[in-house]
Amino acid sequence: MEKEKLLYLETFGCQMNVDDSEKIVSMLNRSGYQSTVNPSLADLIILNTCSVRAKAEQKLYSSLGRFKDLKKNNERLIVGVGGCVAQKEGERLLKKAPFVSFVFGTHNLHLVANMVSAAQEGQRLTNVDFIDNDTRLDLFPQSEADGRVSRFVTIMQGCDNYCSYCIVPFVRGREISRRSSDILDEIRRMADKDVKEVTLLGQNVNSYGLKSQGECDFSELLHKVSAIDGIERIRFTTSHPKDLSPSLISCFADMSKLCGHIHLPAQSGSDAILAKMERGYCRKEYLKNIEALKKARPDIQITGDIIVGFPGETEEDFLQTLSLIEEVEYADQFSFIFSVRPETKAASFCDNVTYREKQERLSRLQTLQKQITLERNKSFVGSIQNVLVEGRSKRGDQLSGRTDGNRIVNFTGELSLVGSFVSVRITKAFQNSFLGEYKQVSE
Ligand code: SF4
């Protein structure tokens, strides 16, 4: 009997990469690979990389260092690198890391299985071609059912916004929306396999379909997904504030299946910095959107991203950001120190903010956000939440699921509850999760 082949896949960065990794696993399962969490047992190691921040890029090289020794001890081990850094580096990566067998770009996921076969024959190869035309519409690999009740569905790729600090348009290519018919077919197949919740994914989902002739827009797509039997919850990420349309905002008022959570990155609360970032909106417009969202769904949970220490950010600009955080009362926030990305406009900006100042501002911002998050979380204690049970908790001794507003709830219950919606009374609030008590509904 042939020995089972094992795949170790490490993912860096965003949700898009997590979704791409799931697709790579699905494709390689069909080629006979099973996943392992132990790289030293693997026959194939793939690193799916991110280049949004310099730190994520450095992580690739430290991981490669770890795998170099494994390759020394196992000549048959194949190592491949994909994602945004692979897209940027291409051939150079094969030169920098001679034990890497193949490099694939962000538009070449569909080639991974073939590249693995070629690597098994001893070839070393790179494929980082951008496919910036409609043939890409037929090349979106789809995820296979794997027993989970909540799944991602990529609805678009790339970005045309060119925010001055962002490398995504350079490494993910121009924005392209998948055909709605393909998206809906994929979700129907998921619903047939008992998937209850889908998260529609894209760099900027609000502009879905706007550049594709004859295609529906994002709010129409949401309505079509909502009409699919079996799908009970719909989420989406990420939204760009400048493209948040009134029709999308009204979906939060009208669509019961649309969850009460939106990730709406402001990046800064200062108009001067927003203009330098070329975000296409000002603070007033952003807050107007927040107000409309809260009116449409009073219990909506809003999360966001903030970049601290953008070139030229003054203390006054930073205070504007802190006041935005207080005004919006975000449920949570991802915050980062500005990271220079070569090729972007911001790389040429004069940066007069010292790294120490940036660190100090980040720490003040994170302290404020933590307080707000904890206070908000505490306000849920005693409430009954509708939770979709996704599986065991991280520690493994309880069940874990999410509220409509995307907060994690851990509680004690039978494993048979996985995949169902249950009522849970929140008994304790932590920084990142809730503890709850399962309330059995009497017949
Ligand atoms: S919208 Fe701006 S920040 Fe987001 S991916 Fe596009 S260029 Fe990057």
Side-chain angles (χ1 to χ4, degrees), residues 11-20 48-57 83-88 105-107 130 132 136 152 154-178 199-212 217-218 236-245 248 262-271 273-283 285-286 289 302-311 313 321 324 330 333-349:
T11 307
F12 306 89
C14 64
Q15 219 66 72
M16 295 290 290
N17 263 16
V18 173
D19 186 48
D20 284 351
N48 191 11
T49 61
C50 171
S51 60
V52 169
R53 275 169 281 280
K55 241 190 194 162
E57 204 170 307
C84 297
V85 183
Q87 182 67 50
K88 219 160 68 96
T106 53
H107 291 187
F130 263 163
D132 270 347
R136 182 145 56 110
F152 295 125
T154 297
I155 63 165
M156 61 202 300
Q157 271 185 347
C159 183
D160 291 341
N161 285 319
Y162 290 90
C163 300
S164 67
Y165 54 85
C166 183
I167 199 162
V168 167
F170 302 95
V171 288
R172 292 243 168 208
R174 101 182 155 78
E175 178 183 301
I176 189 160
S177 297
R178 259 178 99 187
T199 302
L200 308 182
L201 274 187
Q203 241 79 42
N204 179 14
V205 290
N206 332 84
S207 62
Y208 171 84
L210 298 182
K211 291 167 190 157
S212 318
D217 71 10
F218 186 55
F236 58 83
T237 196
T238 285
S239 301
H240 196 304
K242 78 173 167 54
D243 294 319
L244 194 68
S245 65
L248 178 54
I262 187 165
H263 187 72
L264 197 65
Q267 306 298 7
S268 171
S270 149
D271 281 343
I273 297 298
L274 286 172
K276 284 181 88 177
M277 288 177 165
E278 299 187 27
R279 290 287 288 169
Y281 55 86
C282 65
R283 177 191 175 99
E285 286 159 341
Y286 182 84
N289 276 334
I302 300 163
T303 54
D305 299 336
I306 295 282
I307 296 173
V308 173
F310 193 77
E313 183 191 69
T321 299
L324 183 89
Y330 290 99
Q333 185 88 249
F334 295 107
S335 46
F336 310 92
I337 288 178
F338 168 72
S339 175
V340 190
R341 303 289 55 223
E343 290 182 67
T344 63
K345 255 194 192 175
S348 65
F349 292 172

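Numbering of ligands and ligand atoms starts at 1, following listing order.
Coordination check, H240 versus atom 6 (Fe) of ligand 1: failed, since every N/O/S atom of the residue sits at 2.8 Å or beyond.
Of the N and O atoms on the side chains of N204 and D243, at least one donor lies less than 3.5 Å from an acceptor on the other residue. No hydrogens or angles considered: a donor-acceptor pair under 3.5 Å links the side chains of S207 and E175.
Separating the OG1 atom in T154 from the CG atom in D20 is a distance of 6.0 Å, to the nearest 0.5 Å. Here CG of D19 is found 10.0 Å from CG of N48. Values are rounded to the nearest 0.5 Å.
Among protein heavy atoms, the minimum distance from atom 5 (S) of ligand 1 is reached at Q203 CG, 3.5 Å. Scanning all protein heavy atoms for the shortest distance to atom 2 (Fe) of ligand 1 gives C163 SG, 2.3 Å. In terms of protein heavy-atom proximity, atom 8 (Fe) of ligand 1 is closest to C166 SG, 2.3 Å. Ranking protein heavy atoms by distance to atom 6 (Fe) of ligand 1, first place goes to C159 SG, 2.2 Å. Atom 3 (S) of ligand 1 has as its closest protein heavy atom Y165 OH, 3.4 Å.
By the neighbour-count criterion of 12 heavy atoms within 6.0 Å, atom NZ of K345 is sparsely surrounded, having that number or fewer from other residues, nucleotides or ligands.
The residue from N161, N204, T344 that puts a heavy atom closest to atom 1 (S) of ligand 1 is N161.
The residue P265 has no part lying near ligand 1, judged by heavy-atom distances below 4.0 Å.
Proximity of R279 to ligand 1 is established by a heavy-atom distance of less than 4.0 Å.
Counting heavy atoms from C-beta on, the side chains of H263 and F334 come closer than 4.5 Å.
The cationic group of K276 lies under 6.0 Å from the six-membered ring centre of F349 and within 45° of the ring axis, placing it in a cation-pi geometry.
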